[in-house]
Amino acid sequence: MAISEEKKIILAQWLLDPEKQQVVPKDLPTLEAKLKEFGLFVIYETIELPLAPILEEMQKTGIKVDVKVLEKLSKTLAAELNNLEKEIYDKASAPFNINSPKQLSEVLFDRLKIDATGIPKRKTGARSTDVETLLKIKDRHSVVAALLKYRELFKVFSTYVTPLKEFVLASKDGRIHTEFLQTSAATGRLASQNPNLQNIPIMSEWGKKIREAFVPEAGYTMLALDYSQIELRVLASVANDTKMIEAFKEGLDIHKLTAANVFDVPVEKVTSEQRQLAKTLNFGVIYGMGADAFAKTSGINREEARTFIEEYFANFADIKRWHEKTIAAARETGYVENLNGRKRWLPGINTANRRFASEAERAAINMPIQSLAADIIKLAMIKVADWLKKDKLTRQVRMLLSIHDELLFEVANDKLKAVQPKIQEIMESAYTLKVPLKVDVASGKSWAEV
DNA sequence: CGCATACGCGCC
DNA sequence: AAACGGCGCGTTTGCG
């Protein structure tokens with residue numbers, strides 16, 4: 001499948017400047033010369049160009065949705081929301097627009113006189129009404145529990161159930177055809193829109209119910225393969241951290257090992273609380289998290305948070321050095337890049353405004369990790385698609401979705417047993433890091449089951 | 001009336 | 001008080 005010149009131009013322009021900070025050439029020959037000059041031609045030719053027709057094919061394929069499941073869900077939610085609405089008006093002694101944060105904050109803090117001390121202000125000065133705030137004041141008024149429930153259900157109803165129903169009905173073939181965006185994320189990740197199928201709920205009980213609506217075609221089975229801790233593996237490899245590399249090579253529980261190091265206890269003595277804290281630390285390091293954010297998400301005070309972070313960097317010294325090196329390089333050049341040369345310009349990195357500079361520093365830390373993980377899954381998609389074509393399996397195995405570290409397929413039932421380990425193998429060998437890549441596999445009769 | 005913004009929230 | 005990276009999207013609200 002040929003790629004239009006127009007599409008090539010857009011891809012090239014995006015690689016040269018993912019956030020359109022600069023003026024980039026408009027004609028392909030000049031663009032390709034520029035790509036070579038900036039070391040971007042290889043990912044252009046070996047990743048982005050081959051990926052484009054694969055994404056087109058996935059969009060055309062779509063994913064089957066059982067509308068009846070959604071319709072049933074819709075009715076249940078509508079009824080429940082109706083009850084909650086009445087209960088909230090009753091407890092607030094007056095009707096108001098629950099979906100308006102402005103009106104809600106007035107009801108809670110002015111009319112019902114709930115104590116607003118310690119409640120964060122939004123940038124407009126309004127008192128926050130987000131979930132975190134509501135949880136804080138849950139014990140102070142009985143309306144709050146109903147509000148939390150309402151928020152959760154309304155989100156599911158308005159963002160997922162209703163629009164998804166519309167999309168299936170509009171498509172005529174019983175399938176939803178999302179659009180994959182190849183040039184919208186500054187890190188090189190894919191995005192999905194109309195509808196976004198990369199943010200379908202999974203955590204809540206309602207998430208499972210929604211995912212039950214995503215089903216394979218008759219005679220096929222859903223197959224999901226996801227990279228286990230890919231970003232942490234990329235971090236270990238990119239920062240060349242001896243201790244973390246060793247842990248992944250040995251197949252150890254990385255969060256438990258982190259806890260053992262940070263809390264200076266034997267691995268077998270690590271408590272579940274310590275492991276959870278270590279897990280937050282590990283993720284925080286990928287995002288360039290500071291002590292305040294860590295304290296907040298872990299429910300500890302700032303001093304403890306500082307101590308733990310210090311302890312973390314004392315143990316994973318190579319990661320600390322990599323952070324410093326990465327930020328220094330970004331200040332020097334004005335951009336960061338991953339191992340494959342993919343770049344992101346950071347205009348804020350040298351500004352005097354600490355807020356913007358810190359924001360750029362966190363992006364600088366995150367980009368080489370997130371973007372290499374994105375490259376790896378893109379390469380895996382290309383290799384899987386090549387294999388399917390070579391083995392004439394394109395009818396029996398359909399790639400449906402790519403969700404950052406996960407690939408979803410529908411596979412003809414009689415091919416499942418053979419195909420599953422093959423795709424797993426392709427994904428695990430798609431890229432060579434200093435640690436092994438691990439892929440978890442699951443299959444089932446709906447997206448909920450995988 | 002359409003559009004941009006603020007707020008809030010789902011996912012990785 | 002906030003400052004944890006990357007997205008897309010629904011509703012409300014203010015503006016032209």
Side-chain angles (χ1 to χ4, degrees), chain A residues 18-19 96-105 117-134 147-148 151-164 166-167 178-181 183-204 206-207 210-211 226-232 235 280-298 302 305 309 336 344 346 348 353-371 373-374 377 401-406:
Chain A
E19 279 157 305
F96 64 100
N97 189 340
I98 308 169
N99 297 316
S100 162
K102 188 169 179 274
Q103 293 182 36
L104 179 57
S105 73
T117 6
I119 299 303
K121 296 273 187 70
R122 303 284 75 157
K123 61 173 142 187
T124 54
R127 290 150 300 188
S128 164
T129 69
D130 64 12
V131 171
E132 208 187 320
T133 299
L134 294 181
L147 282 169
L148 282 161
R151 273 270 171 84
E152 187 189 349
L153 299 203
F154 190 80
K155 177 79 178 180
V156 171
F157 184 77
S158 68
T159 308
Y160 299 103
V161 177
T162 307
L164 289 177
E166 301 294 322
F167 275 106
T178 187
E179 298 163 30
F180 287 103
L181 305 180
T183 59
S184 85
T187 54
R189 268 193 180 179
L190 296 173
S192 151
Q193 71 173 12
N194 301 322
N196 182 354
L197 293 185
Q198 293 180 324
N199 73 343
I200 300 300
I202 189 169
M203 296 302 288
S204 68
W206 298 99
I210 291 173
R211 286 180 181 229
D226 67 285
Y227 282 106
S228 168
Q229 294 164 329
I230 189 165
E231 291 195 341
L232 219 41
L235 170 67
T280 307
L281 270 174
N282 277 329
F283 279 105
V285 167
I286 293 171
Y287 300 144
M289 182 171 67
D292 286 359
F294 177 51
K296 207 172 163 188
T297 30
S298 303
R302 189 188 289 156
I309 292 174
V336 277
R344 176 178 184 178
L346 299 164
N353 184 328
R354 270 321 294 168
R355 195 186 176 285
F356 289 132
S358 302
E359 205 175 301
E361 286 166 17
R362 290 192 297 274
I365 294 300
N366 178 257
M367 185 276 176
I369 305 167
Q370 187 182 120
S371 71
I377 197 159
L401 297 178
S402 173
I403 312 160
H404 310 307
D405 63 355
E406 171 188 359

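Note: hydrogens, waters and symmetry copies are ignored here, and every other heavy atom, side chains too, is used. Chain A is the first sequence line, chain B the second, and so forth, proteins listed ahead of strands; every chain is numbered from 1.
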Asker: Considering every strand and a 4.0 Å limit on heavy-atom distances, what is the contact class for A:Ala126: base, sugar-phosphate, or nothing?
Answerer: nothing

Asker: Take the protein atom CD1 of A:Ile230 and the nucleotide atom C1' of C:dG6, then report the distance between them rounded to whole Å.
Answerer: 15 Å

Asker: Remember a base hit wins even if backbone is also touched, and classify A:Ser184 as base, sugar-phosphate or nothing at under 4.0 Å, heavy atoms.
Answerer: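 Counting heavy atoms under 4.0 Å across all strands, the contact made by A:Ser184 is with sugar-phosphate only.
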
Asker: Just to be sure I understand the rule, does A:Met367 reach a base, reach only the sugar-phosphate, or reach nothing, if contact means heavy atoms closer than 4.0 Å?
Answerer: nothing

Asker: Measure the distance from CG on A:Leu197 to C1' on B:dG10 and round it to the nearest whole Å.
Answerer: 12 Å

Asker: Consider side-chain hydrogen bond (donor to acceptor under 3.5 Å, both in side chains). Of A:Arg122, A:Arg151, A:Lys102, which one does A:Thr129 pass it with?
Answerer: A:Arg151

Asker: Any base atoms under 4.0 Å from A:Ile365, or only sugar-phosphate, or nothing? Heavy atoms, all strands.
Answerer: nothing

Asker: What's A:Phe283 touching, base or sugar-phosphate or nothing? Going by heavy atoms closer than 4.0 Å.
Answerer: nothing

Asker: Any side-chain N or O of A:Asn97 less than 4.0 Å from the OP1 or OP2 oxygen of C:dT12?
Answerer: yes

Asker: Go through C:dT13, B:dG8, B:dG10 for me and flag the one nearest to the A:Lys102 side chain.
Answerer: C:dT13

Asker: Between A:Gln198 (side chain) and A:Ser402 (backbone), is there a donor-acceptor pair under 3.5 Å?
Answerer: yes

Asker: When you measure from the side chain of A:Asn366 to the backbone of A:Ile286, do you find a donor-acceptor pair of N or O atoms at a distance under 3.5 Å?
Answerer: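 Pair found, side chain donor or acceptor close to backbone of A:Ile286.
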
Asker: Closer than 4.0 Å, any side-chain N/O of A:Arg355 to the OP1 or OP2 of C:dA3?
Answerer: yes

Asker: Give a yes/no on whether any side-chain N or O of A:Gln103 is located under 4.0 angstrom from OP1 or OP2 of C:dT13.
Answerer: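 Yes, such a contact exists.
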
Asker: Is A:Asn194 near enough to C:dC9 that one of its side-chain N or O atoms lies under 4.0 angstrom from OP1 or OP2?
Answerer: yes

Asker: Is there a donor-acceptor pair under 3.5 Å between the side chain of A:Ser128 and the backbone N or O of A:Lys121?
Answerer: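 Looks like no, no N/O pair under 3.5 Å.
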
Asker: Work out how far the P atom of C:dC4 is from that of B:dT5, and round it to whole angstrom.
Answerer: 24 Å

Asker: Does OP1 or OP2 of B:dC9 have a side-chain N or O of A:Arg151 closer than 4.0 Å?
Answerer: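 Yes, A:Arg151 has a side-chain N/O under 4.0 Å of OP1/OP2 on B:dC9.
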
Asker: Applying the Watson-Crick and G-U wobble criteria at under 3.5 Å, what pairs with B:dG8? Answer none if nothing qualifies.
Answerer: C:dC9

Asker: Find the distance A:Glu406:CD to B:dC12:P and express it as a whole number of Å.
Answerer: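 After rounding, the gap between these two atoms is 7 Å.
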
Asker: Atom CD1 of A:Ile200 to atom C1' of C:dG10: distance rounded to whole Å?
Answerer: 14 Å

Asker: If I take atom CD in residue A:Gln198 and atom P in nucleotide B:dC12, what distance separates them, rounded to the nearest angstrom?
Answerer: 10 Å

Asker: Taking OP1 and OP2 of C:dG6, is either one under 4.0 Å from a side-chain nitrogen or oxygen of A:Arg189?
Answerer: no

Asker: Without decimals, in angstroms, what is the distance between A:Phe356 CZ and C:dG5 P?
Answerer: 13 Å

Asker: Heavy atoms under 4.0 Å, any strand shown: does A:Val156 hit a base, just sugar-phosphate, or nothing?
Answerer: nothing

Asker: Would you mind classifying the nucleic acid contact of A:Ile403 as base, sugar-phosphate or nothing, using non-hydrogen atoms under 4.0 angstrom?
Answerer: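 The answer is sugar-phosphate, as A:Ile403 gets under 4.0 Å only of primed atoms, P, OP1 or OP2.
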
Asker: Partner of C:dA3 by Watson-Crick or G-U wobble geometry, both contacts under 3.5 Å, or none?
Answerer: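 No nucleotide pairs with C:dA3.
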
Asker: Rounding to an integer number of angstrom, what distance separates C:dA2 and B:dG10 when you compare their C1' atoms?
Answerer: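 Pairwise C1' distance, C:dA2 against B:dG10, rounds to 23 Å.
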
Asker: Just compare C:dG6, C:dG8, B:dC12 and give me whichever is closest to any side-chain atom of A:Ile202.
Answerer: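 Ranking C:dG6, C:dG8, B:dC12 by closest atom to the A:Ile202 side chain puts B:dC12 first.
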
Asker: Hey, is the main chain of A:His404 close enough, under 3.5 Å, to the side chain of A:Tyr227 for a donor-acceptor pair?
Answerer: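 A pair under 3.5 Å: no.
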
Asker: Between A:Thr124 and B:dC7, is there a contact of a side-chain N or O with OP1 or OP2 at under 4.0 Å?
Answerer: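 Checking A:Thr124 against B:dC7: at least one side-chain N or O falls below 4.0 Å of OP1 or OP2.
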
Asker: Please tell me which of A:Pro120 and A:Lys155 maps to the more 5' nucleotide of DNA chain C, matching each residue to the nucleotide holding its nearest heavy atom.
Answerer: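 On the 5' side of the pair lies A:Pro120.
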
Asker: Is it the case that the side chain of A:Arg211 and the backbone of A:Ile200 share a donor-acceptor pair, with hydrogens and angles ignored and the cut-off at 3.5 Å?
Answerer: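 Here the side-chain-to-backbone pair exists.
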
Asker: What's the closest nucleotide to the A:Asn99 side chain, out of B:dA6, C:dG8, C:dT12?
Answerer: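 Of all the options, the side chain of A:Asn99 is nearest to C:dT12.
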
Asker: What distance, rounded to whole Å, do you find between the two C1' atoms, one in C:dG8 and one in B:dC1?
Answerer: 25 Å

Asker: Quick check on C:dA1: is either OP1 or OP2 less than 4.0 Å from any side-chain nitrogen or oxygen of A:Arg122?
Answerer: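 No, outside the criterion.
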
Asker: Please check: side-chain N/O of A:Thr187 versus main-chain N/O of A:Ser371, any donor-acceptor pairing under 3.5 Å?
Answerer: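 Looks like no, no N/O pair under 3.5 Å.
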
Asker: Provide, to the nearest angstrom, the distance between the CD atom belonging to A:Gln370 and the P atom belonging to C:dC7.
Answerer: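 In whole Å, C:dC7 P lies 7 Å from A:Gln370 CD.
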
Asker: From the list C:dC4, C:dG5, B:dC12, which nucleotide is the closest neighbour of the side chain of A:His404?
Answerer: B:dC12

Asker: Which comes earlier along DNA chain C counting from the 5' end, the contact point of A:Leu181 or that of A:Lys121, where each point is its nearest nucleotide?
Answerer: A:Lys121

Asker: Kindly determine whether A:Thr297 and A:Thr280 satisfy side chain to side chain donor-acceptor pair (under 3.5 Å), including the steps that lead there.
Answerer: CA-CA 8 Å; A:Thr297 30; A:Thr280 307; 5.7 Å; no

Asker: Remember a base hit wins even if backbone is also touched, and classify A:Thr129 as base, sugar-phosphate or nothing at under 4.0 Å, heavy atoms.
Answerer: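 Sugar-phosphate, backbone atoms only, no base.
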
Asker: Report the base-pairing partner of B:dC1 (Watson-Crick or G-U wobble, both distances below 3.5 angstrom), or none.
Answerer: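 Paired with C:dG16.
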
Asker: Measuring to OP1 and OP2 of C:dT13, would you say a side-chain N or O of A:Ser100 lies under 4.0 angstrom away?
Answerer: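 Answer is yes, contact under 4.0 Å.
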
Asker: How would you label the contact of A:Ser192 with the nucleic acid (heavy atoms, under 4.0 Å): base, sugar-phosphate, or nothing?
Answerer: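 A:Ser192: backbone/sugar contact only, no base atoms under 4.0 Å.
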
Asker: Using a 3.5 Å distance criterion without hydrogens, assess whether the side chain of A:Thr178 forms a donor-acceptor pair with backbone atoms of A:Asn196.
Answerer: no

Asker: Given C:dG8, C:dC4, B:dG8, which nucleotide is nearest the side-chain atoms of A:Arg362?
Answerer: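 For the A:Arg362 side chain, the nearest candidate turns out to be C:dC4.
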
Asker: Using a heavy-atom cut-off of 4.0 Å across all strands, would you classify A:Arg344 as base, sugar-phosphate, or nothing?
Answerer: sugar-phosphate

Asker: Could one point to a donor on the side chain of A:Asn199 or the base of B:dG10 with an acceptor on the other under 3.5 Å away?
Answerer: yes

Asker: Taking atom P of B:dC7 as reference, at what distance in whole Å does atom CG of A:Asp130 sit?
Answerer: 11 Å

